[in-house]
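In what follows, residues are counted from 1 in the order of the sequence shown. Values below: every heavy atom of this structure, side chains too, minus hydrogens, waters and symmetry copies. One-based numbering, in listed order, for ligands and for the atoms of each.
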Amino acid sequence: MGRMQTLHPLGKPPSPASPLPSPAELDDAIRRLKRERNAVVLAHFYQESEIQDLADHVGDSLQLAQAAQRTQADVILFCGVHFMAETAKILNPTRTVLVPDLSAGCSLADGCPPERLAAYQARYPDHVTVSYINCSAAVKAMSDCIVTSSNAEKILRSYPEEQPILFAPDQHLGRYLMKKTGRSNMVVYPGSCIVHETFSDKALVQLKLQHPEAQILAHPECEERVLRHADFIGSTSALISHAERSPARCFLIATEPGVIHEMKKRAPQKEFIPVPSDDGCACNLCPHMRKNTPEKVYLALRDLGPELVLPEALRLAALRPLQKMLSLS
Ligand code: 13P
Ligand code: SF4
């Protein structure tokens with residue numbers, strides 16, 4: 001009697017394990033698997049350029065959440081970090097959400113466990129909790145509204161001025177928003193991004209002396225000592241659009257240098273220089289984002305895993321503040 005084949009919930013069995021295609025064949029093999037699996041590949045601007053090039057949508061956190069919500073594909077392969085794939089699953093639960101590497105986390109999300117946020121909420125009972133999207137589903141579920149760096153200012157302004165706010169988990173984005181909106185009744189949770197905290201203001205000033213004509217572009221996850229030098233501050237997509245539209249020819253980039261791939265595509269005649277880290281190491285590359293590789297993308301599509309799953313009660317609790325964000329965006 002022949003062996004019974006176990007079917008995946010999608011009705012398609014994983015392909016039998018076969019050796020990895022050669023680097024020259026990898027791109028075609030991924031594109032073939034995408035068609036076979038009816039999969040959409042979403043990639044953040046911090047992914048390595050090879051992954052960005054094989055993705056169906058490349059974007060910032062907000063754009064990718066919106067793409068995940070809209071997609072009709074059976075499978076979403078999310079090339080980013082864990083909280084982003086979680087967001088895709090919360091917004092589109094009937095799709096299979098895959099990630100190239102389940103261990104790709106985020107220092108902001110990891111630095112804000114739900115019990116620690118609960119302690120802040122207990123200390124500030126009159127405050128509504130507004131959380132940056134870089135947090136776990138459990139923290140989202142405890143929040144009144146979610147924001148990304150693209151929509152945070154607009155959403156904060158939608159709260160009445162007299163309403164006190166607890167902002168979690170990024171202290172630098174929180175302080176930047178307080179300054180931008182003039183809100184003083186905001187308490188900021190003390191989390192930070194290990195990548196954006198590493199930029200050296202001294203190295204930035206030295207670079208500016210070497211390139212006096214250059215504009216400094218910075219992500220609001222950077223510390224104030226870097227932000228105060230910036231000509232333009234915004235989300236990854238806002239920085240990319242600014243670089244494209246600006247008449248300047250040279251830019252110093254104070255965010256993860258993955259964004260430079262799209263900047264060069266849109267403005268090939270311009271120069272983009274990554275701002276170095278404090279000690280000259282390559283710490284401005286996000287170690288979590290960079291866990292994903294084209295090989296892992298291939299394996300995830302071939303094996304239909306690792307898959308991101310969420311308990312339904314948690315998903316529903318986290319959906320409410322995300323829907324509020326999308327309706328206010
Ligand atoms: P945005 O792409 O939304 O600006 O976010 C940057 C980031 O750090 C994602 O982890
Ligand atoms: Fe998290 Fe920072 Fe990496 Fe973004 S760059 S995923 S905020 S650790």
Hey, does Ser149 sit under 4.0 Å from ligand 1 if you only count heavy atoms? yes
From the options Gly105, Ser107, Ser149, Gly80, select the one whose nearest heavy atom is closest to atom 8 (S) of ligand 2. Ser107
Cys106 backbone or side-chain N/O/S under 2.8 Å from atom 1 (Fe) of ligand 2: yes
State, yes or no, whether a side-chain contact exists between Leu91 and Leu326 at a heavy-atom distance under 4.5 Å. yes
Below 4.5 Å, heavy atoms only, C-beta onward: do Gln171 and Tyr189 meet side chain to side chain? no
To check your reading of the model: name the closest protein heavy atom to atom 10 (O) of ligand 1, its residue, and the distance in Å. Asn134 ND2, 3.2 Å
Do the side chains of Lys291 and Asp101 get close enough for a salt bridge, i.e. N-O under 4.0 angstrom? no
If only side-chain N and O atoms count, and only distance matters, is there a donor-acceptor pair under 3.5 Å linking Glu197 with His172? yes
Would you say Met142 and Gln121 make side-chain contact, with heavy atoms under 4.5 Å? yes
Region of Tyr46 engaging ligand 1 - heavy atom pairs below 4.0 Å: side chain
Note, Cys112 side chain near Cys135 side chain (heavy atom, < 4.5 Å): no
To which protein heavy atom is atom 8 (O) of ligand 1 closest, and what is the distance rounded to 0.1 Å? Glu221 OE2, 3.0 Å
Student check: side-chain heavy atoms of Asp74 and Val40 closer than 4.5 Å: no
At a 4.0 Å threshold, what atoms of ligand 2 neighbour a non-hydrogen atom of Asn134? 7 (S)
Going by atom types only, do Ser61 and Thr148 share a side-chain donor-acceptor pair under 3.5 Å? no
For Thr148, state whether at least one heavy atom is located under 4.0 Å from any atom of ligand 1. no
Nearest-contact summary for atom 2 (Fe) of ligand 2 - protein heavy atom, Å: Cys193 SG, 2.3 Å
Top protein contact for atom 6 (C) of ligand 1, by heavy-atom distance: His219 NE2, 3.4 Å
Contact check, His44 vs ligand 1, heavy-atom distance below 4.0 Å: yes
Under 4.0 Å from one or more heavy atoms of Asp60, ligand 1 contributes atoms 1 (P), 2 (O), 3 (O)
Looking only at protein heavy atoms, which one is nearest to atom 3 (O) of ligand 1, and how far off is it? Ser61 OG, 2.8 Å
Could you tell me if Tyr132 and Glu221 have a donor-acceptor pair between their side chains, going purely by distance under 3.5 Å? yes
Classify the ring geometry of His219 against His196: parallel below 30°, tilted from 30° to 60°, perpendicular beyond 60°. tilted
Donor-acceptor under 3.5 Å (Lys34 side chain, Leu54 main chain): yes
Would you mind running through ligand 2 and noting each atom that sits below 4.0 Å from a heavy atom of Leu108? 7 (S)
May I ask whether Glu221 places a heavy atom under 4.0 Å from ligand 2? yes
To check your reading of the model: name the closest protein heavy atom to atom 9 (C) of ligand 1, its residue, and the distance in Å. Met84 CE, 3.6 Å
Atom 3 (Fe) of ligand 2 [closest protein heavy-atom partner, distance rounded to 0.1 Å]: Cys286 SG, 2.4 Å
Close-contact set for ligand 1 against Ser235 heavy atoms, below 4.0 Å: 4 (O)
